[in-house]
Amino acid sequence: MDQQIIPVRRALISVSDKTGLIDLAKLLAENSVEILSTGGTANALRDAGIKVVEVSDFTGFPEILDGRVKTLVPQIHGGLLGRRDLASHQEQMKQHNILPIDLLCVNLYPFEETVASGAGKEDIIENIDIGGPALIRAASKNHSHVAVLTDVHQYAAFKEEMKQNGGTTIQQRRKWAQAAYARTAAYDAAIACWFAGQAKDIFPERLNLSGQRKQILRYGENPHQQAAFYMNDEQRPGVATAQQLQGKELSYNNLNDTDAAFEAVAEFDKPSVVIVKHANPCGAASASSLSEAWDLALRCDPVSAFGGIIAVNRPLDKEIAQKIITIFSEVIIAPKVNSDALEILSKKKNVRVLETGAMPDPLAQGMTVRTLAGGYLLQNRDNGRPSDFKVVTKREPTEKEMEDLIFAFTIGKHVKSNAIIYVKDKATVGIGAGQMSRVDSARIAAHKSAEAAQAAGLEKPMTRGSVVASDAFFPFADGLQAAVAAGATAVIQPGGSMRDNEVIAAADEAGIAMVFTGMRHFRH
């Protein structure tokens, strides 16, 4: 039975997306298939000159409740669920005048699109499909005998099945059934999430996740790992929604790092550049132009920038493009790429160039999900920005120092903990990331800054006269003292350590200014 090819003699078609509908129906008509349909789909078929039988005429039961009940009748569900290989089913179908249906073609009311459009509650609820999911699940359960199409992209495979076999094979029907259940699961998840949102329940008792596969990747973080890229319904400008203008296929690590870079550069209002390597910024700057910001960001760590990800928050122009191609980069992402800039970048055909059309809102609400053994960790996106800055030292920061402190603390939100960031003139001059000890992060950042200064031909490390940010409090004074030794004149940190008084005393002894934010930015 598994290898049986099922001919298609009767089909039920009811679609909201009518793309490809007429071509599909013409193929069925050419193969003498009886077509059952309802409402707008039936009208579209008739207008195209295709013979169609209204479901209400077929069942003898009229549409009621403003079309809410059309196909929820035994003649339809019995025709989809009845097994052809069971005599008892065949007898009951004959007894109740139920005819078999061999093909179901249904795509659902556009619930997700209606929500995204900003429609009101009544419209959204009316676009919750009831009959469609019921039909799809019935046909999918009986896929040994019934083919089910739930996406216009499946029509080509169905046409090929009909051409090659005169019917559908079990192998293909299984694929369509799996896709059908995935579709109804995602649909129900979207509805559940909407209801949770209406109830302001950000952590519902049961978590529903769904995504549409965009790309099967060559491999994951490492070549021995398999990976794929899925999109959810959040239309946030970024790597998921971007148009790739040139370059090789994006890898797992490319996608992860590009997302990190674009989210970081979106934090700033002035023309800004962020360079990311292994999910950590290795250079960031804001300036009067992208070209100037590029020079400052690259100077922070030119060694790590090799093979990095470049994100900008302005249209990528010719001037910065000419500078970017002088080093090897993996990905460039921008809200827009000017044509003359793209022409320059085309000389490096392997570099991936992405255009997003817009910048993401760093203050927007959103959720992040991380897997762990046996479950998930769910939290809202870190969109926090401190607004209550408290000077805790005898010396207050200057206006310029305060601007740099805020810049440094903002970048620190995007650096893996423990994070220490030195900044001067709204440009990072040293970054220490991902260390188990905060003092080690401070020392590593200073060491890398000294190396970068030497490479740039500067007389002294760039941390001299800089400010420094820590993503979390200094548990001891040693981390602060390491920053002072590197040349920092002001520091910003959340505060909240049981040894805050010791750290404040150390800052006062060194004659530097220190600001508490009351907000930390761990990033693991």
Side-chain angles (χ1 to χ4, degrees), residues 111-112 115-116 128 133 136-137 140 177-236 238-241 250-264 276 278-280 360-384 412-419 433-436 471-473 494 496 519-524:
F111 175 82
E112 298 97 330
V115 172
I128 296 176
I136 289 170
R137 294 176 65 83
S140 300
Q178 184 274 328
Y181 279 121
R183 175 65 187 117
T184 57
Y187 195 73
D188 286 342
I191 295 169
C193 287
W194 179 78
F195 272 104
Q198 294 298 298
K200 301 188 184 308
D201 186 0
I202 62 172
F203 298 118
E205 186 174 346
R206 185 172 292 274
L207 177 64
N208 294 287
L209 299 175
S210 68
Q212 177 72 39
R213 191 182 70 201
K214 181 176 182 179
Q215 180 184 357
I216 294 179
L217 304 172
R218 287 174 293 156
Y219 53 83
E221 282 187 284
N222 301 291
H224 64 276
Q225 294 174 273
Q226 294 179 305
F229 177 29
Y230 286 81
M231 294 178 62
N232 60 24
D233 293 328
E234 184 184 27
Q235 294 301 306
R236 185 173 177 83
V239 66
T241 57
L250 290 158
S251 70
Y252 181 100
N253 292 325
N254 290 155
L255 290 162
N256 187 59
D257 291 352
T258 303
D259 179 70
F262 202 56
E263 289 291 329
V276 161
H278 297 304
N280 273 308
D361 179 1
L363 301 180
Q365 294 290 330
M367 304 301 292
T368 66
V369 182
R370 178 171 295 185
T371 62
L372 47 74
Y376 302 94
L377 289 174
L378 186 70
Q379 66 175 346
N380 64 317
R381 182 184 290 121
D382 184 0
N383 62 350
K413 184 166 74 170
H414 298 271
V415 177
K416 298 294 179 70
S417 298
N418 286 313
Q435 298 303 305
M436 290 70 73
D471 65 336
F473 62 64
M519 177 184 292
R520 78 176 189 196
H521 285 305
F522 272 161
R523 185 178 181 88
H524 293 105

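Keep in mind that this is a model prediction, so the values were computed, not measured.
- Listed here is the closest heavy atom pair of Phe473 and Gly496: CD2-C, 3.8 Å.
- Rounding to the nearest 0.5 angstrom, the gap separating the OG1 atom in Thr184 from the CD1 atom in Ile136 is 6.5 Å.
- In this structure, the side chains of Val369 and Leu209 come closer than 4.5 Å at one or more pairs of heavy atoms.
- Taking each heavy atom of Arg137 and Tyr181 in turn, the nearest pair found is O-OH, 3.1 Å.
- Side-chain contact check for Tyr252 versus Arg218: every heavy-atom pair is 4.5 Å or farther apart.
- From Leu377, atom CG reaches atom NE2 of His524 across 12.0 Å, with rounding to the nearest 0.5 Å.
- If you take CZ on Arg370 and CD on Gln379, they are separated by 7.5 Å, rounding to the nearest 0.5 Å.
- A heavy-atom distance below 4.5 Å is not found between the side chains of Met436 and Asn418.
- Listed here is the closest heavy atom pair of Phe522 and Ala472: CE2-CB, 3.4 Å.
- The only option from Arg213, Lys214, Gln212, Gln215 that meets the side chain to side chain contact (heavy atoms under 4.5 Å, CB included) definition with Tyr230 turns out to be Arg213.
- At distances below 3.5 Å, not a single donor-acceptor pair connects side-chain atoms of Asp201 with backbone N or O atoms of Ala196.
- No side-chain donor-acceptor contact under 3.5 Å links Gln225 to the backbone of Pro223.
- Side-chain atoms of Asp257 come within 3.5 Å of backbone atoms of Ala279 as a donor-acceptor pair (strictly under, hydrogens ignored).
- In terms of modelled atom types and a separation under 3.5 Å, the side chain of Gln235 and the main chain of Ala116 share no donor-acceptor contact.
- For the atom pair Asn254 CG and Phe229 CZ, the distance stands at 11.5 Å (nearest 0.5 Å).
- In this structure, Glu263 does not pair ionically with Lys413, as no charged nitrogen and carboxylate oxygen lie closer than 4.0 Å.
- Applying the 6.0 Å contact sphere to CZ of Phe111 captures more than 12 heavy atoms from other residues, nucleotides or ligands.
- The main-chain N or O of Tyr376 is never found under 3.5 Å from a side-chain atom of Thr371 such that the two would form a donor-acceptor pair.
- Looking at heavy atoms from C-beta onward, Arg236 lies out of side-chain contact with Thr241 at the 4.5 angstrom threshold.
- Listed for the Asp259 side chain is no donor-acceptor partner under 3.5 Å among the backbone atoms of Val239.
- Checked by atom type and distance alone, the side chain of Lys416 never pairs as donor or acceptor with a backbone atom of Asn280 at under 3.5 Å.
- Of all the heavy atoms in Asn208 and Ala192, the pair that sits closest is ND2-CB, 3.6 Å.
- Judged by distance alone, with hydrogens and angles left aside, the side-chain atoms of Thr258 form no donor-acceptor pair with the main-chain N or O of Leu255 at under 3.5 Å.
- In this structure a side-chain-to-backbone donor-acceptor pair under 3.5 Å is present from Asn232 to Glu234.
- Counting all heavy atoms, side chain and backbone alike, Glu221 lies closest to Asn253 at O-ND2, 3.3 Å.
- Note that OG of Ser140 and CZ of Arg183 are 12.5 Å apart. Values are rounded to the nearest 0.5 Å.
- Across all non-hydrogen atoms, the minimal contact from Asp471 to Gly412 is CB-O, 4.1 Å.
- Looking at heavy atoms from C-beta onward, Tyr219 lies out of side-chain contact with His224 at the 4.5 angstrom threshold.
- Panel note: side chain Arg381, backbone Leu363; no donor-acceptor pair is recorded below 3.5 Å.
- Here the straight-line distance linking atom CZ of Phe262 with atom NE2 of His414 works out to 12.5 Å at 0.5 Å rounding.
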